[in-house]
K.L.:
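Sharing a structure here in structure tokens format.
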Amino acid sequence: MTQSGRPGPRVKSVRWSAPAVAGAVIVGLMAVLAVVGPMVWGAAADRIDAAAILQGASSEHPLGTDNLGRDLLARVLVAGRYSLLLALAATLIGAFAGVVLGTLPSVLPARGARLVTGTVNALVAFPGLLLAMFTAVVAGLGARGAVLGIGAAIAPGFARLTQTLAATVAGSDYVAAARMLGVPRRRILTRHVLPNIAEPLILNLAQSLGGALLGLAGMSFLGLGVQPPDFDWGRLLFDGFPRIYVTPEVALGPAAAIALAGIGFNLLGDALARAAARTPAVRRPPAAPPGEAAGEPDAGAVLEVEDLTVTFPGGATPVRGLSLSVAPGEIVGLVGESGSGKSLTAAAIGGLVPYPGTVGYARLRLAGQDVATMTGKELGTALAMVFQDPLAALNPALKVGGQLAEVAVVHEGTGRAEARRRAVARLGQVHLPDPEARSRQHPHELSGGMRQRAVIAMGLMGTPRLIVADEPTTALDVTVQRQILRLLREVVDGSGAAGLFISHDIAVVGELCDRVVVMYAGRVVEELPADRLAEGAAHPYTRALIASLPDLDTDRSRPLAGIPGVQPAPAQVGPGCAFAPRCALASERCSAERPELVAHGPAQRVACWEVS
Amino acid sequence: MIIRNLSVRFGAFTAVDDVTLEIPDGTIVGLVGESGSGKSSLARAVCGLVPHTGAVEGARRVQMVFQDPYASLNPRMTVAQTIAEGAGRKEVERLLGLVQLPVEFAGRYPRELSGGQRQRVAIARALGGDPGLLVADEITSSLDVSVQGAVLNLVRGLRDELGLAMLFISHNLAVVRYVADVVAVMHRGRLVEVGPAEQVVGEPAHDYTRTLLAAVPRLKGRTGLRE
Ligand SMILES: Nc1ncnc2c1ncn2[C@@H]1O[C@H](COP(=O)(O)OP(=O)(O)O)[C@@H](O)[C@H]1O
Ligand code: SF4
Ligand SMILES: [Mg+2]
């Protein structure tokens, strides 16, 4: 079973950075304070002491006393509960109103929807504090007015967020499918839209809490909020403020409490939001040092990989002892079903295996140098990588020519003008029509095929010794695919670089490459010259891949051959031949003992008990 | 059913230009063309998902299967809930059988399925809407070839079993030739050639069809792609 689907943003693991820890600790303390504060210090906060009116800090009253002689430290600690509850109420009101406003357009008829959207847009542009004060004044002085006011200030932001998120989901294929099936609008909202936008909305809630807390304090401070005898932090600040020049501590106490709580919620909210976004890739040093005893060095090879293994915690090993080499001017194809470890092999070569994966090898050399000892700069010039999605490699905000020039400026210290000139030349080299004009365009202005050309041109800005292309044409149609394949061949022939071409499509690999390496469940199962693929493939898996490919003369009266079953997941590869459960030739020996990759005639190697 | 004089315009740009195409019951019509040629716009118009002029006559209901099975299933709904959307709960078991998925899959979520299995669920959902026409837009292009074969076999089986009319869209002529009875070639929003599959592939009448044929990757007679 493959696990490649990502159902929306999801909190996988909060990376516990210092700010995240600080945020969590502060929020935790605030929660404790809200629970126990009034119980512990309630009596002290209300004790009137005529002998100690309007005092400054003393050992008995660290933050001083108020006009009735009540201890201000106790009052600050007690006020925590009320302040936090009010903030929570305001946030919930704002969020609820916002979600309703945000989802209304998707259930209302067109005119009503436009009206709501317009209103929300206007409110978003309106200063939040003004909206809050206006609402509070209309709703009446006091805590209720302040809470409603802050709620009103929060609502438009939530509405906008909800609208944006809902619009994304509403544009998805599964909502289109539901509409075609005649599922009613309201049901689409409750079944499809809301469940898929809930998570980011909840994250936003944490951040809004901090804002609400500050906003409410502001309202109380302006006299619009909590009225005596009730008190929250804002009220305490309001009462202490006139005395700030004489006894500043009476105002600083509540101010510090407000600031601390606000910072805590914001830090935690930020950390949660960041954790929900995708985990970034981290470069890992290799687990095993390069060994000297690792077989014969492949004289003249640009890329030498020996016994490469990529492991993830929990026992998943998607790449298992893989070896391959690529000579200058040669294109080697790496082929196999998705999940066989092709992309992780490429990632390991480029030092791009995502955290927390670890890479081990006996030898991993690019142009004779251990990849682990190369600086980012050296690797950046010697290695060009092209991926399936060219947009991921291009910065959408920058013009194409500028991005290419940047590579030469950063890696080689080339002057701006010279770098720009070279960028245009490289764009011309990859046959981008009118390279001068195109270089001044942004990536989104180019078609998919043109973008892929631009990425290849970017790889050519250095002097690449190896070009790794991972499914570079999978998102393109066959016509454009052919053009890009031709270009890759031309670039390799012209520069003498080595090429590693990765694809799940054995026909594409067979047509472009000189040599083909077939991967299954993390291992090489066959290696052969590409021109032997059609007639000379020996491994049952390779043969099954070829058989399942419809050709222009496939017999239409018979069902297409497929491969029954699925490839085992990286953590579930058994001791024997991994292909055994799907193999028609499998014997008992196959599931017990793993066949080694051995020579099968000249220039071919196969790992199968039935082939000899 | 028949698509008559259908056009789709986005502002001043005409994505589909006056297309007329007949899709008889029990027939798979394959639609080929490069990306941007207007295939998806035609498909979406036939399904009523984009504004268009012209008519779609004689199809009771149209259902669609999308290219990306990861994006076309709601990640928070089980297989059974997804299929039941159009068909109702009682039909789930029968539909799973039609697309050759075990009944145990009913309680699973999309993330627990492989790409090919998801695409089967999407087909089952569409069949649950009792379509007079099924539109399949590049439904195998994000699948492994090993899985593509099984999905293509399924599609042909459904045609024979249910007498379904189907518009099968792909940019790969080898795939379309295998699965379709009739092949229509689209170029810049227009149909440039329509005919029986073997004939369009064997004796292409239009230059553009020949270009598409030459672009199909193949193992026999490989060139290494040197000019
Ligand atoms: N919503 C849209 N607005 C403007 N242009 C569009 C829109 N959708 C598609 N197009 C354009 O219509 C043309 C045909 O696209 P499409 O139907 O997706 O073709 P295909 O399915 O063959 O890839 C393309 O040039 C595309 O840019
Ligand atoms: S070793 Fe056995 S199971 Fe593996 S491919 Fe060969 S025959 Fe099949
Ligand atoms: Mg399309």
Side-chain angles (χ1 to χ4, degrees), chain A residues 1-8 172-174 176-183 191-192 195-196 337-338 447-448 476-482 485-486 488-490 493 504-508 510-514 530-531 533-534 544-546 548-552 554 556 559-563 566, chain B residues 34-36 47-49 62-64 66 68 70-77 85-86 109-115 118 122 125-126 128-129 144-150 152-153 156 171-175 177-178 197-198 201 211-220 222-227:
Chain A
M1 218 101 323
T2 58
Q3 289 285 332
S4 36
R6 266 183 213 92
S172 70
D173 287 346
Y174 53 85
R179 272 167 44 200
M180 276 187 278
L181 288 167
V183 178
R191 288 293 288 271
H192 292 284
N196 283 300
E337 287 165 286
S338 54
S447 70
L476 306 173
D477 67 60
V478 282
T479 325
V480 184
Q481 163 166 285
R482 194 164 202 86
L485 296 179
R486 281 228 165 90
L488 282 173
R489 172 53 79 183
E490 182 187 318
D493 281 356
H504 69 277
D505 188 336
I506 198 163
V508 171
E511 199 156 14
L512 171 71
C513 301
D514 302 299
D531 54 16
L533 258 186
L545 275 183
I546 294 170
S548 58
L549 194 77
D551 202 340
L552 285 172
T554 304
R556 296 176 65 224
L560 263 182
I563 309 179
V566 290
Chain B
E34 64 192 38
S35 67
C47 295
L49 293 173
V62 184
Q63 297 298 339
M64 183 158 170
F66 298 84
D68 182 357
Y70 295 90
S72 70
L73 299 180
N74 184 340
R76 308 202 184 233
M77 279 166 67
E85 273 205 311
Y109 284 91
R111 63 174 173 276
E112 300 171 272
L113 308 182
S114 68
R118 286 175 205 216
R125 171 178 61 191
D144 277 318
V145 279
S146 54
V147 182
Q148 166 176 278
L152 295 181
N153 290 337
R156 295 195 345 162
H171 60 258
N172 188 333
L173 245 175
V175 169
R177 171 193 164 276
Y178 178 73
E198 292 288 13
V201 171
T211 313
L212 282 181
L213 277 169
V216 173
R218 68 198 86 179
L219 288 176
K220 294 177 199 121
R222 59 177 295 282
T223 59
L225 288 161
R226 290 188 175 87
E227 296 292 301

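Sequence lines set the chain letters: A, B, ... in the order given, protein chains first and strands last, and positions in each chain run from 1.
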K.L.:
Once rounded to the nearest 0.5 Å, what's the spacing between atom OG1 of A/Thr479 and atom NE2 of B/His171?
P.N.:
8.0 Å
K.L.:
Side chain, backbone, both or neither: which part of B/Asn74 has an atom under 4.5 Å from a heavy atom of chain A?
P.N.:
both
K.L.:
Side chain from CB out, backbone as N, CA, C, O: work out which of these in A/Leu476 comes under 4.5 Å of a heavy atom of chain B, or both, or neither.
P.N.:
backbone
K.L.:
With a 4.5 angstrom heavy-atom cut-off, could you sort out which part of B/Met77 is near chain A: side chain, backbone, both or neither?
P.N.:
side chain
K.L.:
Under a 4.5 Å heavy-atom cut-off, does chain A meet the side chain of B/Val201, its backbone, both or neither?
P.N.:
side chain
K.L.:
Whether the side chain of B/Tyr178 engages the backbone of A/Leu560 through a donor-acceptor N/O pair (distance < 3.5 Å, no angle test) should be reported.
P.N.:
yes
K.L.:
With B/Glu34 as reference, evaluate A/Asp477, A/Val480, A/Val478 under the side-chain contact (heavy atoms from CB on, under 4.5 Å) test and give the passing residue.
P.N.:
A/Asp477
K.L.:
State, to 0.1 Å, how close A/Met180 and B/Cys47 come at their nearest heavy-atom pair, and which atoms those are.
P.N.:
SD-CB, 3.5 Å
K.L.:
Which heavy atom of A/Val183 sits nearest a heavy atom of B/Glu85, and at what distance?
P.N.:
CG2-OE2, 3.9 Å
K.L.:
Using a cut-off of under 4.5 Å on heavy-atom pairs, state which of A/Pro195, A/Ala544, A/Ala534 scores highest against chain B.
P.N.:
A/Pro195
K.L.:
Kindly give the heavy-atom pair with the smallest separation between B/Arg177 and A/Asp551, and that separation in Å.
P.N.:
NH1-O, 3.5 Å
K.L.:
Checking heavy atoms, do the side chain of B/Gln148, its backbone, both or neither come under 4.5 Å from chain A?
P.N.:
side chain
K.L.:
Is it the side chain or the backbone of B/Ala197 that comes within 4.5 Å of chain A heavy atoms, both, or neither?
P.N.:
side chain
K.L.:
Going by atom types only, do A/His504 and B/Asp144 share a side-chain donor-acceptor pair under 3.5 Å?
P.N.:
no
K.L.:
Minimum heavy-atom separation for A/Ala507 and B/Pro217, please, with both atom names.
P.N.:
CB-O, 3.8 Å
K.L.:
How long is the span from the CG atom in A/Leu549 to the OG atom in B/Ser146, to the nearest 0.5 Å?
P.N.:
11.0 Å
K.L.:
Would you mind telling me which of A/Gly182, A/Gly448, A/Ser172, A/Ala176 has the largest number of heavy-atom pairs within less than 4.5 Å of chain B?
P.N.:
A/Ala176
K.L.:
In terms of heavy-atom proximity below 4.5 Å to chain A, should B/Leu73 be classed as side chain, backbone, both, or neither?
P.N.:
backbone
K.L.:
Quick one: closest heavy-atom pair of A/Ala177 and B/Phe66, and the distance?
P.N.:
CB-CE1, 3.9 Å
K.L.:
Please report the interatomic distance CZ(A/Arg482) to CG(B/Leu212), rounded to the nearest 0.5 Å.
P.N.:
11.5 Å
K.L.:
Can you list the steps and then say if B/Glu198 with A/Arg556 is a side-chain contact (heavy atoms from CB on, under 4.5 Å)?
P.N.:
CA-CA 9 Å; B/Glu198 292 288 13; A/Arg556 296 176 65 224; 3.2 Å; yes
K.L.:
Relative to chain B, which segment of A/Arg179 carries a heavy atom at a distance below 4.5 Å: side chain, backbone, both, or neither?
P.N.:
side chain
K.L.:
Counting heavy-atom pairs closer than 4.5 Å to chain B, which one of A/Leu533, A/Leu545, A/Asp493, A/Ile546 comes out on top?
P.N.:
A/Asp493
K.L.:
Return the minimal non-hydrogen interatomic distance between A/Gly510 and B/Leu219, and the atom names on each side.
P.N.:
CA-CD2, 3.7 Å
K.L.:
Looking at B/Ser72, B/Gly48, B/Ala126, B/Gly129, which has the largest count of heavy-atom pairs under 4.5 Å with chain A?
P.N.:
B/Ser72
K.L.:
Taking atom types as modelled, find out whether A/Asn196 and B/Arg76 have a side-chain donor-acceptor pair closer than 3.5 angstrom.
P.N.:
yes
